[in-house]
Amino acid sequence: MSQDLFALVDCNNFYASCETLFRPKLRGLPIVVLSNNDGCVVARSKEAKLLGIKMGVPAHQIAMMVKQHNVVMFSSNYALYGDISNRVMTTLEDMAPSVEVYSIDEAFLSLGGLGKASDIVSYGLDIRERIQNWVGITVCVGVSTTKTLAKLANRAAKAYPATGGVVDLTDRQRQRKLLAITPVEEVWGVGRQLSKKLHDLGIHTALDLADTDLKTLRKQFSVVLERTARELSGESCLELQEVVSTKKQIVCSRSFGARVEGVAELREAISSYTVRASEKLRAGNQLAKQITVSIRTGYFNPNEPSYSNMASTTLAVPTDDSSKLCKAANGLLEKLWRPGYRYAKAGVMLADLYDQNVVQEDLFAPQASVARSTLMATLDGINKGRHGKVFLGAQGVKQGWRMHRQYLSPSYTTQWLDIPKV
DNA sequence: TCTGGGGTCCTAGGACCC
DNA sequence: TCTGGGGTCCTAGGACCC
């Protein structure tokens, strides 16, 4: 059997590119996309990067720069990005025998049949061209014999324009050359904490890591880092995961647009997050048995009294019923809430998830459960496309805690009213 | 005044059992 | 004075990813 061959296809400046897709006039301008609640920078156009705007900086810290250089700001518009992402992925699925959608803007492909170096590069260029022409998004392609090396190849394709956006990293000598000039913290799977420890041990480049004794790595760190080192040396440990595995937890958490003190308002927020989480649960045909609620004050103001706590409960029978889950969530909230704090964020997590078709029916209330599930399906049908058209009373009407989205772009591809007119 | 959200995996340690 | 060993399961916490 021939060796594994992976390609990593990654969209360039994805969120920023999505925002310019239907507004060509913005191309060439510095653009940033903000996180939920317009908190901090999560994506930048090439021009914004050149201005020195860093990933993750709080929005208020770049206010000066925004004014000075006419930086265009956007709130994140996940409906838009999700839809563009689907277009990219569908295009890829036409071009490769198997595709693993790894995140909203990247996918691993398995390239079983390709062998010759010239094939690899021209195939990568084909992918680039087609996605550019069909979807309007620029991608880079990295190819190698392991996923971790393919990631690295992709970084190189992005970093060096001379590559034309495609890097073939199947050659052993080329691999070692690139590893030698790559700082260890840029390796996939090596984050802040690990790189600190690695530097202390004198491991500074990706090549250093690849050449470190595997037993030592396992003993001093874990199997995860050992695997990364193997992958860097060309030994494939991570397979392509084509089928999306079923979720193990579902989270809905948000920072508030304004601080919240009263338990009544908090209840509205918790109810809304629970409803949203239940929708996701039903969309995946799952049921939840465990629910966790968390609330907290702000992270950053040292002068403010701080409080953070979570509580969870296990239901007798797994359910996907919004109102049952809401009742449980609000029960937990009563236990958590303390007066005198200004709350900044709350969240709901569903865990211990079951497949809808596999779970034991509740022997004593079969009729009721059928009626409820019909009701839930009806709600989901009405709310499809735009959430919250029909909602539980507990979610509140005023919703003063809702997150800020001051710079939201139209949903060009998912709302009839927002479709661009030519 | 203003600092995101949603996931996964691994490990250590405690509870419990024989 | 002396107080086992091995296994499983669960949970909390920490690390990582985008």
Side-chain angles (χ1 to χ4, degrees), chain A residues 8 10-11 13-15 32-43 54-64 66 73-78 81-82 85 100-108 147-148 151 154-155 184-198 217-228 237-238 241 244-259 273 276-277 280-281 284 289-290 292 294 296-304 308-312 314 342 344-353 403-407:
Chain A
L8 179 64
D10 191 315
C11 302
N13 316 320
F14 184 59
Y15 294 172
V32 299
V33 178
L34 304 177
S35 65
N36 270 340
N37 220 24
D38 294 340
C40 51
V41 173
V42 293
K54 296 271 184 275
M55 189 74 171
V57 296
H60 64 92
Q61 278 179 17
I62 58 166
M64 284 292 285
V66 167
M73 285 204 290
F74 286 99
S75 305
S76 21
N77 184 344
Y78 288 102
Y81 313 150
S85 172
E100 172 188 343
V101 177
Y102 177 70
S103 75
I104 193 162
D105 73 335
E106 59 191 306
F108 286 103
K147 281 182 162 182
T148 307
K151 270 269 188 188
N154 192 289
R155 289 190 70 98
V184 73
E185 54 269 25
E186 286 184 18
V187 172
W188 188 41
V190 179
R192 279 253 290 283
Q193 307 300 319
L194 283 177
S195 29
K196 224 194 309 175
K197 277 173 84 177
L198 287 169
L217 285 179
R218 183 171 208 143
K219 222 192 242 160
Q220 301 213 13
F221 299 90
S222 74
V223 287
V224 186
L225 194 64
E226 182 197 347
R227 207 150 51 200
T228 300
C237 306
L238 302 168
Q241 303 205 299
V244 271
S245 49
T246 53
K247 283 210 180 71
K248 289 167 185 153
Q249 55 174 228
I250 290 170
V251 176
C252 181
S253 70
R254 298 260 183 294
S255 299
F256 302 131
R259 292 283 210 272
Y273 301 170
R276 182 72 196 106
K280 293 190 207 171
L281 191 66
K289 199 167 180 197
Q290 201 197 37
T292 302
S294 61
R296 65 167 309 132
T297 54
Y299 299 83
F300 299 102
N301 189 346
N303 303 319
E304 212 179 305
S308 153
N309 207 351
M310 55 168 67
S312 41
T314 303
R342 297 169 64 238
K345 183 177 180 175
V348 171
M349 180 169 92
L350 304 178
D352 201 358
L353 306 183
M403 65 182 179
H404 291 145
R405 291 212 281 178
Q406 200 185 332
Y407 313 104

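Numbers restart at 1 for each chain; the letters A, B, ... are given by sequence-line order, proteins then strands.
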Q: Which dot-bracket notation, 5' to 3', represents the base pairing of DNA chain C when pairs are defined as Watson-Crick or G-U with both distances under 3.5 Å, crossing pairs as [ ], and inter-strand pairs as |?
A: ....||||||||||||||
Q: Select base, sugar-phosphate, or nothing to describe what A:V223 touches, counting heavy atoms under 4.0 Å on all strands.
A: sugar-phosphate
Q: Grab the CZ-C1' distance between A:R155 and C:dC17 for me, whole Å please.
A: 13 Å
Q: Could you list the residues that satisfy side chain to side chain donor-acceptor pair (under 3.5 Å) with A:R155, not counting sequence neighbours?
A: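 With neighbours one apart ignored, the set is A:E186.
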Q: Go nucleotide by nucleotide along DNA chain B from the 5' end; which of A:G39 and A:R218 gets its closest nucleotide reached first?
A: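 Final value for this comparison: A:G39.
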Q: Could you pull out the closest heavy-atom pair between A:S294 and A:M310, with the gap in Å?
A: CB-CB, 3.7 Å
Q: Between A:S253 and A:G347, what is the shortest heavy-atom contact and its length?
A: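 Result for this residue pair: CB-CA, 3.5 Å.
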Q: Give the rounded distance in Å between these two atoms: NZ of A:K289 and P of C:dT11.
A: 11 Å
Q: If the condition is ring pair (Phe, Tyr, Trp, His ring centres under 6.0 Å), which residues does A:Y102 pass it with, not counting sequence neighbours?
A: A:F108, A:W188
Q: With centres under 5.5 Å and planes under 30°, do A:F300 and B:dT3 count as stacked?
A: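 A:F300 ring centre within cut-off of B:dT3 base, planes near parallel; stacks.
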Q: Side chain to side chain donor-acceptor pair (under 3.5 Å) with A:N36: which residues, sequence neighbours excluded?
A: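 None.
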Q: Of the nucleotides C:dC18, B:dG4, B:dT11, which has the atom closest to the A:D105 side chain?
A: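 Of all the options, the side chain of A:D105 is nearest to C:dC18.
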Q: How many whole angstroms separate atom CG of A:L225 from atom C1' of C:dG14?
A: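 It works out to 15 Å between those atoms.
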Q: Using the P atom on both, measure B:dT3 against C:dC18 and round to a whole Å.
A: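 Per the computed distance, 25 Å lies between those P atoms.
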Q: Partners of A:R254 by salt bridge (charged side-chain N to carboxylate O under 4.0 Å, His left out), sequence neighbours excluded?
A: none
Q: With a 4.5 Å cut-off on side-chain heavy atoms, are A:S308 and A:Y299 touching?
A: no
Q: Could you tell me which residues satisfy side-chain contact (heavy atoms from CB on, under 4.5 Å) with A:A277, sequence neighbours excluded, listed by chain and number?
A: A:I250, A:C252, A:L350
Q: For A:S103, what residues pass the side chain to side chain donor-acceptor pair (under 3.5 Å) criterion, not counting sequence neighbours?
A: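 For A:S103 the side chain to side chain donor-acceptor pair (under 3.5 Å) partners, ignoring immediate neighbours, are A:D105, A:E106.
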Q: Figure out the CE/P separation between A:M310 and C:dT11, and round it to whole Å.
A: 14 Å
Q: Roughly how many Å is it from CZ in A:R254 to C1' in B:dG6, rounded to a whole number?
A: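 For the pair A:R254 CZ and B:dG6 C1', the rounded distance is 10 Å.
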Q: To the nearest Å, give me how far apart CG (A:L198) and P (C:dC16) are.
A: 10 Å
Q: Give every pair of a protein N or O atom and an N or O atom of nucleotides 7-9 of chain B that lie under 3.5 Å apart, one pair per line with the distance.
A:
unit_1	atom_1	unit_2	atom_2	d
B:dG7	OP2	A:V251	N	2.7
B:dT8	OP1	A:K248	N	3.3
B:dC9	OP2	A:K248	NZ	2.8

Q: Check whether any side-chain heavy atom of A:L353 lies under 4.5 Å from a side-chain heavy atom of A:T246, and answer yes or no.
A: no
Q: For A:Y273 and B:dG6, what is the distance between atoms OH and C1' respectively, to the nearest whole Å?
A: 14 Å
Q: Considering every strand and a 4.0 Å limit on heavy-atom distances, what is the contact class for A:Y299: base, sugar-phosphate, or nothing?
A: nothing
Q: Within the pair A:S255 and B:dG5, is there a side-chain N or O less than 4.0 Å away from OP1 or OP2?
A: yes
Q: Could you identify which residues of residues 185-197 of chain A place a heavy atom less than 4.0 Å from some atom of DNA chain C, listed by residue number, or say none?
A: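 Here the set is A:V187, A:W188, A:G189, A:V190, A:G191, A:R192, A:Q193, A:L194.
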Q: Side chain of A:K345 only, heavy atoms from C-beta on: which candidate in B:dG5, C:dC18, B:dT11 is closest?
A: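 The answer is B:dG5.
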Q: Choose from C:dC18, B:dC2, B:dG6 the nucleotide whose nearest atom is closest to any side-chain atom of A:R259.
A: B:dC2
Q: Please name all residues satisfying ring pair (Phe, Tyr, Trp, His ring centres under 6.0 Å) with A:Y78, sequence neighbours left out, ordered by chain then number.
A: A:Y15, A:Y81
Q: Restricting to side chain to side chain donor-acceptor pair (under 3.5 Å), what partner residues turn up for A:E226, sequence neighbours left out?
A: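 A:E226 satisfies side chain to side chain donor-acceptor pair (under 3.5 Å) with A:R218, A:R230 only.
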Q: Check whether any side-chain nitrogen or oxygen of A:K151 sits under 4.0 Å from OP1 or OP2 of C:dC17, and answer yes or no.
A: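 No, outside the criterion.
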Q: In whole angstrom, what separates A:M55's CE from B:dG5's C1'?
A: 12 Å
Q: For A:F74, enumerate each residue passing the ring pair (Phe, Tyr, Trp, His ring centres under 6.0 Å) test, keeping only those at least two apart in sequence or located in another chain.
A: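 Counting only residues at least two positions away or on another chain, A:F74 forms no ring pair (Phe, Tyr, Trp, His ring centres under 6.0 Å).
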Q: Respond yes when some side-chain nitrogen or oxygen of A:S253 is under 4.0 Å from OP1 or OP2 of B:dG6, and no when none is.
A: yes
